[in-house]
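Worksheet: one structure, shown below.
In what follows, every heavy atom counts, from backbone to side chain, and hydrogens, waters and symmetry copies are set aside. One-based numbering, in listed order, for ligands and for the atoms of each.
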Amino acid sequence: MLQLNLLGEQRLTSRGTDLAGGGSRAVELLAYLVVHPGIRVPRSVLAGTFWPETPQPQAMTNLRRELHNLRRLLDGVDALGMSDGAIGALECAGLRVDVQVFAAERAAALAAAGKDPDRFVAHAQAALREYRGDLMPGNYSDWVPGMREKLLRECTALCDEAAAALTSLGRRQQALEVAGRRVTIAPLEELGYRGLIRAHLALGDRPAALHAYHRCADVLERELGVAPAAETRHLLGLPAPHPGAPGPAARPAAAGNLTVGRDSEQAVLETCWEKARAGRPALLVLSGPPGVGKTHLAKALGQRARTGGAAVAFARCVDASGRIPLAPVAGWLRSRDIAPLLAALPEPIRHEAARLLPELPDPTPWAGSDVPPGPGRAMVDAWQRFRFFESLAGAVAAPGRPTLLVLDDLQWCDPDTAAWIAFLLDSPAARQLLLVATLREGADTRPPAIGALLEGARSAGLLHRLRVAPLDEAAGAELAGRIRGRPLGTDEARLLAAATSGFPLYILEAARAAPGDGFGTLLGRRLSRLGPAARSVAELAAAFGRGISLELLAEAGDLDTVRLAAALDELWREGILLPTGSGYDFGHHLLRTAVRENTTPAGCWLLHRRLAKSLELLNAGRLDAVAATLAEHYELGSNPERALSFHLRAGADAVRVFANSAALKSYDQALGILGRLPAGTERDEAELSVRRAMSPPQTALLGYSSAELLGNLERVGALAERLGRPEVHSASLVGLFAGRYVQGRIEDSYAIARRALDLAGDDPALLGQAHFAVAGAAQGSGRIAEAIEHFAHCTEDSPPGYSYILGTRLHIHARAWAAHAHWLAGDDAAAVQLCAQALAGAQADGHIYTRAVALAYAAVLGQFRGDRAAVAEKAAELIALCHRYDIAYYGQWGEILSGWLAGGKQGAARIRAGIGALRASDALARMPYWLWLLAVTLADGGRRTDACAVLDAARATAALHRDRWWLPEVLRMRALLAAGDQSAALLDEAREVARAQGSNALLARLGPDAG
Ligand SMILES: Nc1ncnc2c1ncn2[C@@H]1O[C@H](COP(=O)(O)OP(=O)(O)O)[C@@H](O)[C@H]1O
Ligand SMILES: [Mg+2]
């Protein structure tokens, strides 16, 4: 089944896969035909419509080409009717078109109107679901705008009728939803807001009605420069603005859409945007001190881009500790231009995006692939995070439509969001993307994650920077003059410039001051004018520190709804609070800071307590989503116990969306609280569980061999020992084993693995992992028989399962590795069989990371056996897989083996690069083998001296780390390159080692003993 979506986007998909996006002329042709149903259009007319400027014969050729492309896209679906040189769209089962479904549902609704209200409403709602936005946004071909307008009219009329019908059926909540939809669809139509205000009032919700009024007034003021009509005000019984009120709109705080000055800045923004639209994505950073006008510039660009048909989404970062990870990304996804498209996203993308937006309908509820979240999660899940990131990129940047994302206040961006942005900029989804970020300059040091983002974008040539300076005297005077409604005199202009330093924020403040006032202390004065109710609401909002919902204002405040509404109106009129999606936020964060500074510490403490309690109450049943915020307010409200429990929940929730930095931050805060509690078993138990939860995100973020992870695991072990929890101790030792092994400290890892096995008790899953650890370490240090024995225990005695420490399917991983041990022992047949089993198991299982592991071991086995074809095949697949899913470590195995295959100078360079990458991540395990491959390649290229040096390094590493399993080959190779006597001694040594290790395969390579 093909799906053609033209409402709110333009794309043709097949079972969730994109066939063609917005740029495709073939799809546009199909769109033209389907929105003119029942008509056969002559080819010459089509050619003239689509290529109006082109001479007829060429236009006909173009048409033939696009029809050919279209038929290819339709792939046998019979959607076109052609006869006598004319073409029309056919309704057919193989192609679903949203415009057609909308039209059919609407027709069914109208047929039932007046007769069967329930039926009418059902069809109308189905039609509204289909209308996700304007027809083919951004397309300005002659035929599109008229049709777009027609559909919009049909949709808004349907909304009005449906809202009325629902109201008369007594379904007021649904009527409210429809009224809200209408405002989203046509945000500039005051009529729609009136409907929304009425719907809220019908439900007795005056604050919400007022919120709708404020949104209406703000939008009209911004986009059209007018104030709401009297009729709208009357619904709420609001007074008329007094006639002498200054400014372009009906309230003193309004500055409207007005932008003064800034010609050169706007030109830079425009150029970047044009380039992005033409396919050159970029990150544009607007920096400057607070209040200078950064956000204003970004918003102004957003408005122009939206008018031009782009998808525009705005999100901001907040300066609070309890940040919800990836909240800005969720904000973009929920924005007006993007949200309506999510339901129509291909299934796998929607499925991943639903982790971030629990409200998204998701046919296959999230199950963390098949691994339970929390401490049971894989320690190595970079690849899953990659898939998640990729899906978010696909959801945010709709293909074929230019996308402008605004990120306000980048200085407060969380590290996970910064990581995702870096990913997005590099992703193919970002073809027509511009990300405009505002960055506040100031004393606060910038977090490293943001530095890394900027540095990465800079070195990829994607970064543009613009420093926003204060307005000059003339522009400042113009701005003040517009607000005051009369031009400023020269002296006034000079005074203004001196008092405000050209910062628009202060200029507006000064201009709003009562005419007699001088331009003195600015923000504070506006606040001091507030009445007590408005002040208390402002304090509550300031304590919350981000957009606050109406619900929360009502619950945590102590005002009844009438007084709350009046207070909100006062704050809005003063320009202190602005309406946001579901509540209000400060017009500027300096206002918030000013309010905070005027709240007493005791008052703050109380506000945080009330906020925490109310937030918890309002979010019962979905506390995870607000856990970080709750923890913050409980902490500020001096309730460490509640704070602790919410830090833990926040950590687990962050892990669920791979926000590893956020998770670690929550856990660190939890540890901070625990550190202040009295010593004792209870405290130790709590610390133990926090630390256990920390190791997966630590591994994912910092790697197996990071000092933080290993330190944490050691502490887990110590706590577990103290608390008499041998199984936990054993699990921590398995983790420690992995870290030490990868670091190349094979002897240490062996000792650790042995202890893990001693402590494992009789938990079969844990036993399996402990056997695996012993086997791996034994093999590494050259105890081949012991390795074989423990690999067998792992695969035979313990149940098949998932290793929560290694992140792989243990049984597959164990077979893959055991193949090496068997080959070394001289049993080639067993090795081949185990390797095949591992590959087949990984294939059947579908666990990507395990598949990479199986391929990596298979490629190495191929190398042992001299089977170049196998190495080539497995290494290529391994590299592709690691690249696709951003899997670290194993990809380097593929690189090194490919270098060995290629040989020569280039091959050697590739091996060196692979070895370098492993060293850089402190992954020194198997280093003697990798170095040996390099030496072989160098020697084959005639570089004997270099080869000798590399082999000596390999010997030294083997000795230092007791990484001895490949030592006989290193020695043999060295002997081949050495002079007579020395050579014989080396061969003897090699034989001795091989014999002691039970490494029959390597012994055979050494040939018969000369002595
Ligand atoms: N060029 C301008 N013309 C008119 N008003 C402006 C201009 N620049 C900023 N403003 C107004 O000044 C106030 C502060 O600007 P804002 O963009 O929020 O500052 P920043 O983001 O740099 O802290 C806002 O109300 C904004 O609308
Ligand atoms: Mg700003």
Side-chain angles (χ1 to χ4, degrees), residues 218-219 221-223 225 246-249 251-270 284-304 314-319 328 406-413 436-444 465-484 488 496-497 499-513 519 522-523 526 545-547 571-580 585-594:
D218 276 10
V219 164
E221 177 183 294
R222 205 170 49 237
E223 311 255 341
R251 61 192 178 112
N257 196 13
L258 165 80
T259 296
V260 306
R262 301 297 188 213
D263 291 342
S264 62
E265 288 87 348
Q266 306 232 36
V268 174
L269 264 72
E270 252 357 289
L284 170 61
V285 175
L286 305 177
S287 57
V292 80
K294 305 177 294 293
T295 305
H296 187 90
L297 274 172
K299 280 188 176 164
L301 177 67
Q303 263 164 49
R304 289 195 298 276
F314 190 90
R316 70 180 346 159
C317 310
V318 293
D319 65 335
V406 178
L407 185 64
D408 206 13
D409 291 322
L410 178 66
Q411 71 278 359
W412 295 319
C413 183
V436 178
T438 68
L439 180 64
R440 171 179 159 178
E441 271 172 13
D444 38 359
R465 300 199 68 149
L466 178 64
R467 233 199 131 253
V468 183
L471 294 174
D472 61 26
E473 190 175 312
E478 186 189 339
L479 180 56
R482 300 263 199 116
I483 303 297
R484 286 237 160 144
L488 263 64
L496 177 79
T500 62
S501 311
F503 281 61
L505 181 73
Y506 299 119
I507 294 174
L508 291 174
E509 198 67 23
R512 282 168 193 146
F519 300 129
L522 294 170
L523 297 176
R526 184 148 44 125
R546 62 202 80 200
L571 289 162
W572 174 75
R573 281 174 192 281
E574 287 291 343
I576 292 168
L577 290 187
L578 296 180
T580 62
D585 201 355
F586 282 89
H588 197 276
H589 62 81
L590 289 181
L591 283 163
R592 177 192 168 224
T593 313

Task: Identity of the nearest option to atom 20 (P) of ligand 1, non-hydrogen atoms only, from G291, P289, A475, A300 - done: G291
Task: For T295, all residues meeting side-chain hydrogen bond (donor to acceptor under 3.5 Å, both in side chains), sequence neighbours excluded - done: D408
Could you tabulate the donor-acceptor pairs under 3.5 Å formed by side-chain atoms of residues 467-479, not counting sequence neighbours?
| unit_1 | atom_1 | unit_2 | atom_2 | d |
| --- | --- | --- | --- | --- |
| R467 | NE | E441 | OE1 | 3.4 |
| R467 | NE | E441 | OE2 | 2.8 |
| R467 | NH2 | E441 | OE1 | 2.7 |
| D472 | OD1 | A474 | N | 3.3 |
| D472 | OD1 | A475 | N | 2.9 |
| E478 | OE2 | R482 | NH2 | 3.0 |

- [ ] Check whether any side-chain heavy atom of E270 sits under 4.5 Å from a side-chain heavy atom of L301, and report yes or no.
- [x] yes
Task: Euclidean distance, Q266 CD relative to R304 CZ, rounded to 0.5 Å - done: 4.5 Å
- [ ] Ignoring hydrogens and angles, tell me if any N or O in the side chain of K294 forms a donor-acceptor pair with the backbone of L286 under 3.5 Å.
- [x] no
- [ ] Output yes when the distance from some N or O of ligand 1 to some N or O of H589 is under 3.5 Å, and no in every other case.
- [x] no
TODO: Would you check the N or O atoms of G293, main chain and side chain alike, for any that come under 3.5 Å of an N or O of ligand 1?
DONE: yes
- [ ] May I ask you to determine how many protein N/O/S atoms are under 2.8 Å from the Mg ion (ligand 2)?
- [x] 1
Task: Beyond-backbone contact of Y506 with L590, side-chain heavy atoms, under 4.5 angstrom - done: yes
Open item on the list: Under a 4.0 Å threshold between the charged nitrogen and the carboxylate oxygen, would D319 count as salt-bridged to R440?
Closed with: no
Open item on the list: Against ligand 1, does P290 come closer than 4.0 Å with any heavy atom?
Closed with: yes
Task: CD on E265 to CG on L269, rounded to 0.5 Å - done: 8.5 Å
Open item on the list: Heavy-atom contact check, 4.0 Å cutoff: does V292 meet ligand 1?
Closed with: yes
Open item on the list: Quick one, D218 and W572 - any side-chain contact, counting heavy atoms below 4.5 Å?
Closed with: yes
Open item on the list: I need the contact type for T438 against ligand 1. Using non-hydrogen atoms and a strict under-4.0 Å cut-off, is it side chain, backbone, both or neither?
Closed with: neither
Open item on the list: For K294, which part has a heavy atom under 4.0 Å from ligand 1: side chain, backbone, both, or neither?
Closed with: both
- [ ] For ligand 1, find out whether one of its N or O atoms is nearer than 3.5 Å to an N or O atom of H588.
- [x] yes
Open item on the list: Going by the closest heavy atom to atom 9 (C) of ligand 1, which one wins out of G575, P504, S287?
Closed with: P504
Open item on the list: Is G288 close enough to touch ligand 1? Criterion: a residue heavy atom under 4.0 Å from a ligand atom.
Closed with: no
Task: T438 side chain to D409 backbone, donor-acceptor under 3.5 Å - done: yes
TODO: Measure L508 to ligand 1 on non-hydrogen atoms and call it side chain, backbone, both or neither using the 4.0 Å cut-off.
DONE: side chain
Task: Proximal candidate to atom 21 (O) of ligand 1 [heavy atom criterion; set T295, I483, L505] - done: T295
Open item on the list: Once rounded to the nearest 0.5 Å, what's the spacing between atom CH2 of W412 and atom NE2 of H589?
Closed with: 4.0 Å
- [ ] Kindly write out the residues that satisfy ring-ring contact (aromatic ring centres under 6.0 Å, His included) with H588, not counting sequence neighbours, or none if the list is empty.
- [x] none
